[in-house]
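Here the structure comes first, spelled out in structure tokens, and everything after it is commentary.
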Amino acid sequence: MNVLRKVYKAVSYDRDDEAIRFQILREMSQEERQIRFGSLIDSVDDDEVAYKPSRFMIFAGRFWDTFRKPPKERTYVQKLDLNILIYATLDNSNVSNAFVSGMKEELHLYGQERNLFNTMLNVGTIVGLVPSQFILNRIRPSIWIPSCELLWCFLVMIMASAQGARLIYAIRFLLGVLESCAYPGFALVLGSWYRPDELAKRMTLYDAAWTIASMFSGYIQAGVYSSMNGLGGLSGWRWLFIIDGIIGIPIALLGYWSVADFPINSRVRWLSQLEKDYSVIRMEAIGRKPPKKMTIRRFGHILNSWRPWGFIWPWVLFSVCDTMSYFNLWLKASGLYSVPQINLIPTGGYALGLVSAYIYSNLSDHMGTRWPFLMFAVFICFLGNLLLAIWDIPDGLKFFAFLCPNLGYPLWGLMVSWASEVFQDDTEMRGLAPAMGSTISSAIQAWLPLLIFPTPKAPRYPVGYIVTTALGGVEAIGVLHFLWQSKREVRRKGKAFNKYGLAVDAEDVDTRPSQEIHSSEKDDIVDNTKSTVVLSEKEVDVTKE
């Protein structure tokens, strides 16, 4: 039992220690912050920074914000970028490519098996999403997320041995359970380290990892089919799963180093203790609250508010109206393309998704607003589904229609960034919102495609595209509803806006007290098993044992 306690202590949090540390750091005066963090920033108050970037840095800053930051802060944010963003989710889209590259014929999958593969993945996701967020409230993301990803890799390689649909059904379910922690968990982590002028680009870049993986999956599948099909007596699609799992293992292991947990409790070695303290101050200055223990009572209070449901409405419809995965079925049905071409052509759509994701998120960060860009992305997806619902249109226009979901792909990243700002007073809500939304969308995706996108009807789905077109309009109303509710909450709770344009409690608009900390407080020494916090007239020092 003592061993279990030690293990749990090593992988979990010390909330009492975190509360003490946050309060001490929060009560530091501006002068003390300047002395303490002078090596990281040019000034505690961004408005007082005298740094003027060169014309080149201003130009480069239009593409990535760190270029226009003061040199010291630029170094700090770049360290976050190089370590946090390097770790991305593993691709879960390979079944679609394998299905059109020989799996269907070899395993005699001529019924609804393809949709059922996705259904089983969605069922697993439904089972794991919300419980995983409760686990992250008890176990560090730096432990939980990489462990799930590592198991994911081994299961993907086992799928290469499938001789029929049954094993694939079982593994897809387990993959869904393991994958469920990744997106909402990492969205929660990113939202805990970046400011509003930085977040959407990073969140969309993380979100775009799926697109990048899908692009490379198409290239890998084309290369595998051409050069490895039959090697060692294995079909090309089997080699794809083996290679995918092998590639994923070092990425998963990297997560134990890269995932930063939260500023208030991070243990990563690539940040000094001074940088961790500054990270707490940096997030506290914009109104981000540190994590708190999740209880059943608190969870019930969350469910009784507008927040999860206002977020879930558009989030669910983003998934329901997404028709990216049906492009290659149309290419195959046309009879004009070879197997490698069927896998390669959709990668052009993924490339468009990357470009549009960058443009939307960069403009959104620069302008400090989210909803106009969300509405534009919703319109693009609506237009694509409308054209496919008509169907009897020139092939060139139909090709464009299949690419429209890629052009509207930034929906998820922008919505999570927006929610991170609206819900910045509740860390757990920022994790639960996408988890609950993905749970409901997965529950719908588990059965709806079977009805409106049945595989035997491919590539034309007369019911499916009409339904997604209609829901696109409801999706736009959901975005506007979230905007209205967030503004209504600000008025109802009497909140004020800080200099970052974020709503905070009126007393937190300027969180730095103008008066000095009392001398009795400066002499306090707080010591426990996790940290030692020493306050002196010129320094606050937090050191790990």
Side-chain angles (χ1 to χ4, degrees), residues 22 26 130 133 137 184 187-188 190-200 203 262 283-318 361 364-365 367-375 377-378 411-441 474-511:
F22 179 75
R26 188 175 189 270
V130 173
Q133 292 307 298
N137 192 250
L188 176 61
L190 288 175
S192 300
W193 289 89
Y194 289 105
R195 299 190 314 193
D197 58 321
E198 305 160 344
L199 181 58
M203 190 62 238
F262 307 100
M283 289 296 99
E284 184 266 345
I286 67 174
R288 292 279 198 279
K289 300 298 183 183
K292 297 181 291 185
K293 186 176 182 180
M294 175 61 73
T295 63
I296 297 298
R297 181 177 181 181
R298 186 170 168 224
F299 182 59
H301 179 72
I302 288 175
L303 293 180
N304 197 39
S305 69
W306 74 269
R307 289 182 162 191
W309 313 113
F311 178 90
I312 286 170
W313 177 351
W315 183 268
V316 169
L317 293 178
F318 292 165
S361 60
S364 178
D365 278 348
M367 297 180 65
T369 185
R370 311 298 185 197
W371 71 269
F373 300 97
L374 272 169
M375 289 295 291
V378 168
L411 287 166
W412 287 272
L414 286 173
M415 191 67 193
V416 168
S417 299
W418 191 13
S420 294
E421 295 158 4
V422 174
F423 304 152
Q424 69 165 350
D425 60 333
D426 191 334
T427 299
E428 287 66 41
M429 180 71 246
R430 292 191 281 114
L432 280 171
M436 293 174 63
S438 297
T439 297
I440 295 176
S441 63
V474 182
E475 183 180 345
I477 296 173
V479 173
L480 296 176
H481 174 261
F482 188 84
L483 174 67
W484 175 74
Q485 284 282 18
S486 62
K487 290 183 176 295
R488 178 173 176 266
E489 183 178 71
V490 170
R491 294 192 301 268
R492 181 168 55 84
K493 292 186 176 181
K495 292 188 175 185
F497 291 96
N498 59 22
K499 62 183 179 181
Y500 298 97
L502 302 181
V504 296
D505 295 333
E507 60 270 20
D508 290 337
V509 172
D510 185 2
T511 58

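If you're wondering where the values come from, they're calculated on a predicted model, not measured in any experiment.
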Taking only residues two or more places apart in sequence, or in another chain, which ones meet Leu480 in a side chain to side chain contact (heavy atoms under 4.5 Å, CB included)? Trp371, Met375

For Glu198, give me all partners under side chain to side chain donor-acceptor pair (under 3.5 Å), at least two apart in sequence or on another chain. Lys69, Arg282

Looking at CD of Gln485 and OG of Ser305, how far apart are the two atoms once the value is rounded to the nearest 0.5 Å? 9.5 Å

Of all residues at least two apart in sequence or in a different chain, which pass the ring-ring contact (aromatic ring centres under 6.0 Å, His included) check with Trp309? none

Return the minimal non-hydrogen interatomic distance between Trp193 and Phe262, and the atom names on each side. CZ2-C, 3.6 Å

Taking only residues two or more places apart in sequence, or in another chain, which ones meet Thr427 in a side chain to side chain donor-acceptor pair (under 3.5 Å)? Arg430

Taking only residues two or more places apart in sequence, or in another chain, which ones meet Lys292 in a salt bridge (charged side-chain N to carboxylate O under 4.0 Å, His left out)? none

Does the separation of the ring centres of Phe311 and Trp306 fall below 6.0 angstrom? no

Closest approach of Val422 and Asp425, non-hydrogen atoms and distance? O-OD1, 4.1 Å

Output every pair passing salt bridge (charged side-chain N to carboxylate O under 4.0 Å, His left out) with a member in residues 294-306, not counting sequence neighbours, ordered by first then second residue. Arg298-Asp426, Arg298-Glu428

Write down the atom of Met294, the atom of Asn137, and the distance for their closest heavy-atom approach. N-OD1, 2.7 Å

Interatomic distance, His301 atom NE2 to Met429 atom CE [nearest 0.5 angstrom]: 11.0 Å

Partner residues of Pro184 under the side chain to side chain contact (heavy atoms under 4.5 Å, CB included) criterion, sequence neighbours left out: Leu129, Gln133, Pro434, Ala435

Any side-chain heavy-atom pair of Ile302 and Pro308 under 4.5 Å: yes

Does Lys289 form a side chain to side chain contact (heavy atoms under 4.5 Å, CB included) with Glu284? I'd like the steps, not just the answer. CA-CA 7 Å; Lys289 300 298 183 183; Glu284 184 266 345; over 6 Å; no

Do the side chain of Asp197 and the main chain of Asp365 share a donor and acceptor less than 3.5 angstrom apart? no

Trp484: side chain to side chain donor-acceptor pair (under 3.5 Å) partners, not counting sequence neighbours: none

Measure across Trp313 and Val474 and return the closest heavy-atom pair with its distance rounded to 0.1 Å. NE1-O, 3.2 Å

Report yes or no: do Ser441 and Trp315 form a side-chain donor-acceptor pair below 3.5 Å? no

Heavy-atom check, side chain of Ile286 versus side chain of Gln424, under 4.5 Å: yes

Phe22 meets the ring-ring contact (aromatic ring centres under 6.0 Å, His included) criterion, sequence neighbours left out, with none

Nearest heavy atoms of Glu475 and Leu411, plus distance in Å: OE2-CD1, 3.7 Å

Ignoring hydrogens and geometry, is there a side-chain-to-backbone donor-acceptor pair from Arg288 to Gly191 under 3.5 Å? yes

Per-pair distances, 0.1 Å, donor-acceptor, side chain in residues 412-420, under 3.5 Å, sequence neighbours excluded:
residue, atom, partner, partner atom, Å
Ser417, OG, Gly413, O, 2.9
Ser420, OG, Val416, O, 2.9

Please report the interatomic distance CZ(Arg492) to CZ(Arg488), rounded to the nearest 0.5 Å. 5.5 Å

Report the residues that fulfil salt bridge (charged side-chain N to carboxylate O under 4.0 Å, His left out) with Glu421, sequence neighbours left out, ordered by chain and then residue number. Arg370

